[in-house]
Amino acid sequence: MEPDIGPERFADANPRPVRDDFLVFGAPLIGQEEIDEVVDTLRSGWIGFGPKCLAFENRFAEYVHAKYAISVGSCTAGLHLVLLVSGIGPGDEVVTTPLTFASTVNAIELVGARPVLVDVDPETQNMSSGAFEAAITPRTRAVIPVHMAGRPCDMEALNDIAARHGISVIDDAAHAVEAWSQGQKIGSLTEFSVFSFYATKNLTTAEGGMVATADAEVAERLRRLRLHGLSSEAWGRYSKDGSPSYHVVEPGYKYNMTDIQASLGLHQLARLEQNLRVRESFWTMYDAAFEPLDIFDLPAPIRVGDRHARHLYTVGVLPSRSRARDELATALRSENIGTGVHFVPIHLHPYYSDKYGYREGMFPNAEHIGRTTLSLPMSAKLSERDIADVIEAVQKVYFGTRNCHRELQERAVTVASHDVTV
Ligand SMILES: *Cc1c(COP(=O)(O)O)cnc(C)c1O
């Protein structure tokens with residue numbers, strides 16, 4: 001079967017969309033437990049930072065095998081605080097990847113340090129350790145690898161390079177709550193791991209984040225800085241056991257989580273492994289349906305000993321025509337399928353290209369991925385029927401027919417139900 005890949009083909013499909021209702025990209029799965037817990041919090045009289053945040057922190061630390069977990073208002077806030085407590089500022093350099101959301105790099109800018117971008121590996125989409133090592137200068141203070149799409153970075157390699165050069169490792173684990181690198185949990189392997197609980201992430205509190213660390217003293221400072229710089233436990237000054245008096249130890253930020261958010265987080269965390277198994281089965285359905293079609297660069301196989309958190313299923317559109325990906329996204333939208341782009345590489349954003357003179361061509365792997373990949377729906381809220389709709393819509397926009405691949409889909413569903421990795 002020869003796919004007719006030209007973007008012009010994408011548009012002239014059957015006028016009746018594959019789905020009647022729009023499939024929202026990244027819609028979270030919120031259960032009755034979350035709803036009941038939020039209602040309980042709302043009725044409790046204590047809706048700000050409080051006991052549910054602390055309970056969520058404890059359970060989260062246990063889950064990622066971290067000594068301490070400090071809840072914050074977002075992953076961005078967490079990255080900002082971690083750079084501050086690491087004493088990183090003007091004159092310092094921080095190495096990171098161009099294939100990330102802007103906030104990873106914005107956090108470096110916010111402390112006045114210089115972000116130094118290095119290209120990614122074209123297969124894993126993660127920072128190349130060779131490129132990281134080559135970018136180290138006497139001013140390099142930290143490296144921020146990103147576990148892209150949920151695929152863990154090679155932490156052994158990165159940690160080893162960083163240790164040899166006396167550099168801190170702060171991993172942006174926004175996609176990677178459930179990931180393991182060579183059998184070790186992300187969250188337990190570096191000075192700091194920073195997680196995101198944004199609405200589309202694997203674990204969501206609508207907005208929220210968590211910093212994992214093994215350093216008790218730094219954990220205490222993070223707790224202070226996230227809440228005005230108040231002395232520890234001063235958050236409880238309105239509670240029965242708290243003292244109404246409080247002291248500011250240093251000027252801090254307003255970066256705390258609330259008990260309403262933690263109410264979501266407690267139950268999202270409890271269902272995390274179950275949701276991962278659901279996404280793993282969807283991943284298998286996509287692989288089984290797309291492999292024989294030969295129209296996409298599919299996600300690379302997972303390294304033995306690693307565990308992928310299955311946050312994003314990204315397909316690379318072949319061949320790499322500059323507009324083909326966007327045309328595909330538009331065509332899928334008219335089939336009522338929402339998709340995502342991860343990411344527009346950092347160096348192509350005007351602020352960063354203007355400030356640092358970054359130009360197209362400097363990070364070819366990140367650029368290729370940024371230009372050609374599309375993220376297909378991948379959420380535990382979806383059903384096998386939804387995934388089959390996505391597959392059917394892809395087939396329709398490539399091959400222009402509607403039902404001729406139904407049999408292939410049924411096969412994909414069968415494969416998925418037999419081939420779920422636990
Ligand atoms: C979502 C995301 C962030 C930002 O997370 P927030 O919680 O929204 O601040 C940072 N880095 C990456 C890679 C992300 O995908």
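If you read the sequence from its start, that first residue is 1, and numbering goes on from there. All ligand and atom numbering here is 1-based and tracks the order in the structure. Keep in mind the model is a prediction, meaning the values are calculated, not measured.
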Classify the side-chain pair Ser71/Glu57 by whether it contains a donor and acceptor separated by less than 3.5 Å.
yes
Run the numbers on Leu298 and Val315 for side-chain contact (heavy atoms from CB on, under 4.5 Å), then give the verdict.
CA-CA 5 Å; Leu298 296 176; Val315 296; 4.0 Å; yes
Within ligand 1, which atoms have a heavy atom of Val146 less than 4.0 Å away?
13 (C)
Whether the side chain of His175 engages the backbone of Ala149 through a donor-acceptor N/O pair (distance < 3.5 Å, no angle test) should be reported.
yes
Inspect the contact between Glu178 and Arg310 and indicate whether a charged nitrogen and a carboxylate oxygen are less than 4.0 angstrom apart.
no
Quick note on ligand 1: atoms under 4.0 Å from a heavy atom of Cys75 include exactly 4 (C), 5 (O), 6 (P), 7 (O), 9 (O), 10 (C)
Which of the numbered atoms in ligand 1 are below 4.0 angstrom from a heavy atom of Thr104?
11 (N)
If you scan protein heavy atoms around atom 9 (O) of ligand 1, the nearest is Thr76 OG1, 2.4 Å
Looking at non-hydrogen atoms alone, which of Ala102, Ser196, Gly209, Ala107 comes nearest to atom 7 (O) of ligand 1?
Ser196
Quick one: do the His65 and Gln184 side chains pair a donor with an acceptor below 3.5 Å?
no
Which of the atoms of ligand 1 are close to Gly208, meaning less than 4.0 Å from one of its heavy atoms?
7 (O)
Which of Thr41, Asp259, Thr258 passes side chain to side chain donor-acceptor pair (under 3.5 Å) with Lys52? Answer is Thr41
How about Phe197 and Phe56: are their ring centres within less than 6.0 Å of each other?
yes
Is there at least one pair of N or O atoms, one from Lys201 and one from ligand 1, spaced under 3.5 Å apart?
yes
As an exercise, identify every atom of ligand 1 less than 4.0 angstrom from a heavy atom of Asp172.
10 (C), 11 (N), 12 (C), 13 (C)
With side-chain contact (heavy atoms from CB on, under 4.5 Å) as the criterion, how do Asp215 and Glu191 come out once you've worked through the C-alpha distance, each side chain's angles and the decisive distance to 0.1 Å?
CA-CA 8 Å; Asp215 186 322; Glu191 275 112 312; over 6 Å; no
If you count the atoms of ligand 1 from 1 in the order shown, which ones are under 4.0 Å from a heavy atom of Ser103?
3 (C), 4 (C), 10 (C)
What do you reckon, does Met148 put a non-hydrogen atom under 4.0 Å from ligand 1?
no
Which of the numbered atoms in ligand 1 are below 4.0 angstrom from a heavy atom of His175?
13 (C), 14 (C), 15 (O)
Those atoms of ligand 1 less than 4.0 Å from some heavy atom in Thr100:
13 (C)
Atom 8 (O) of ligand 1 sits nearest the protein heavy atom Tyr198 CB, 3.8 Å
Counting heavy atoms only, which part of Ala174 comes closer than 4.0 Å to ligand 1: side chain, backbone, both or neither?
side chain
If only side-chain N and O atoms count, and only distance matters, is there a donor-acceptor pair under 3.5 Å linking Asp171 with Ser193?
yes
